Number of protein chains: 2
Amino acid sequence: MGTVAKALSLLDHFSRARPEIGLSDLARLAGLNKATTYRLLSELQHGGFVEQTGTGREYRLGPAVLRLAALREAAVPLRDMAARALQSLSDATHETAHLSLLQGDRLSMLSYAYSPRHGTRVTMEDAQILAFHATSSGLAVLAFSPPEMIDRILSAPLDKRTEDTLTDPVAIRAVLDGVRHTGLAESVGGFEKDVHSHAVPLFDAQTRVIGAMAVAAPVARMTPELKTLIRRELWQHATGLTRALGGFCPEGFVAKGAAA
Amino acid sequence: MGTVAKALSLLDHFSRARPEIGLSDLARLAGLNKATTYRLLSELQHGGFVEQTGTGREYRLGPAVLRLAALREAAVPLRDMAARALQSLSDATHETAHLSLLQGDRLSMLSYAYSPRHGTRVTMEDAQILAFHATSSGLAVLAFSPPEMIDRILSAPLDKRTEDTLTDPVAIRAVLDGVRHTGLAESVGGFEKDVHSHAVPLFDAQTRVIGAMAVAAPVARMTPELKTLIRRELWQHATGLTRALGGFCPEGFVAKGAAA
DNA sequence: AACCAATGGTTCAAATAATGAACCGACTAG
DNA sequence: CTAGTCGGTTCATTATTTGAACCATTGGTT
């Protein structure tokens, strides 16, 4: 692993649950020497990517990321387009819609939209990291990822989030085959106990998978009718967003939607 | 310069005007070898900090920065606080208020607020980089920066933005002395010909300068009364924001405001 | 069609920068 | 007073980064 990758990996340990981390902790989390971690943090700090908290000890993400995010959004209004598509999808299904993006070997939430229809709804947290094996979005993305990436992901330890989470690589590969056939991934209680979710992958101009759009509903509310509605609407919105972003679905993908 | 700093410096060459840059161009801009640039970009790309455009050639900022920005926002609601303070300042003065942050040796716009009162107003662009010597914000920040940073900035070539831009390091140092005495920087036509702006620095918990808050008005509208109003309100809002962010003004700084 | 000058990407010996064990001084808890 | 943290620093060893030269392509010019 290159030095730059190590430095960037430090940034991945910050989360909503853990927004500030001390030097020693961070070194432990990242599996790096304390001195190395310190030097990397110093460079990140000079660039404004991290800063030290008011009381002078712990580190947290710095203001530079705000600036870059503003520029990114100006160059590619993806967040904006995603928000619009999600709102429409959520309105059509009356359930929670969300979208995640692939970044390296990680899948992270970009945005989500709730429906006002129901009092109970599946709630999401943005910038959250999604497990590939435990979420419909993860399965949708993984199914269309290169074989070596699938091997990498499935050879790492797979967390058993709930009692229904699939953790057997062989079983997961079988599921992925199914996803490749239908173009749609489904997960019942794999991430949160009472959530039934569907996901459809998104593609770039080279037909590589870049993320997934998903609808999450409480298990209790799922009926055959709702399922049909979700599948149709999700398919429409996901392929529509892929096209709107200048991407193309792989050969034969469109036919799958018609079959569903 | 460390490898990480070089990689991060690549990201600084993306701007609103130049959101996509080719490998060779970027190598030239950054003053690095093409092979080096390629390797660094590859690492950044794997982390999702840059990506290649649909047609497969040029590089642009990637989605990872969005994720980090979301986390930063959640951890430090600075942008919100800044927006609120700017709106209030703009309402009080009926002129454009804006705020910029120091990131390494660069000063960049974070946010701004316009007043609806006047038809003509000074317009701003966010994520813009501000020159230290040509803007009131830059002078305010520089005046309270460490001597070695002042030396670094003033020894680099100083762009003559307008005919009124100060470019003589000796003259600028004299201006900085004045700013240190009053705690307030002023620039008439230094950045844009017809703009009269005032700025007050912002500080962190270690009383180090982190940026500046400023009010920009058309030269034609500036009167002694408006000037007094701007100085008073700007001072109030800037010191208030510094406090709200957990920062502290340096010794004696508070007294300066009373004098102004 | 031949040519030229770019482009993005790759290679490998040489040079440089990253590394990590040990060490500070400061602090906290027992 | 001791033991165990913490953030930060040092420096000889080591592994990584570096850059000139090299492809294969592409697009424009003659």
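The chains referred to below are lettered A, B, ... by the order of the sequence lines, with proteins before strands, and numbering in each begins at 1. Keep in mind it's a predicted model, so treat the numbers as computed, not measured.
A:E51 has a carboxylate O that lies under 4.0 Å from a charged side-chain N of B:R72, or vice versa, which qualifies the two as a salt bridge. In this structure, B:K34 does not pair ionically with B:D25, as no charged nitrogen and carboxylate oxygen lie closer than 4.0 Å. Classification of A:D80 and A:R84 as a salt-bridged pair holds, one side-chain N sitting under 4.0 Å from a carboxylate O.
The nucleotide whose nearest atom lies closest to any side-chain atom of B:Y59 is, among D:dG8, C:dG9, C:dT7, C:dG9. Ranking C:dG9, D:dC6, D:dG8 by closeness to the B:Q52 side chain, first place goes to C:dG9.
Note that the CZ atom of A:R18 and the CZ atom of A:R60 stand 14.5 Å from one another [nearest 0.5 Å].
A donor-acceptor pair under 3.5 Å is absent between the side-chain atoms of A:R67 and the main chain of B:L101, judged by distance alone. Counting only distance, with no hydrogens or angles, the side chain of A:T242 and the backbone of A:F203 share a donor-acceptor pair below 3.5 Å.
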Query raised in the report: Going 5' to 3' along nucleotides 9-21 of chain D, which nucleotides have protein heavy atoms under 4.0 Å from the base (write B), which only from the sugar-phosphate (write S), and which from neither (write -)?
Result: BB-----SSBBB-

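To the nearest angstrom, C1' of C:dT7 lies 15 Å from CG of B:L41. The nearest whole Å value for the distance from the CG atom in B:L26 to the P atom in C:dA6 is 18 Å.
Taking side-chain N and O atoms only, A:R28 has a distance below 4.0 Å to OP1 or OP2 of D:dC6.
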**Report entry** Step-by-step salt bridge (charged side-chain N to carboxylate O under 4.0 Å, His left out) determination, A:R57 to A:E20
**Finding:** CA-CA 10 Å; A:R57 285 195 326 296; A:E20 301 182 350; over 6 Å; no

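Overall, the helix from C:dA1-D:dT30 to C:dG30-D:dC1 carries an axis bend of 40° between its ends, with five pairs at each end and the value rounded to 10°.
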Show me the donor-acceptor pairs, under 3.5 Å and distance only, between side chains in residues 40-48 of chain A and residues at least two apart or in other chains.
from, atom 1, to, atom 2, distance (Å)
A:S42, OG, A:Y38, O, 2.9
A:E43, OE1, B:A5, N, 2.9
A:Q45, NE2, A:Q52, OE1, 3.2

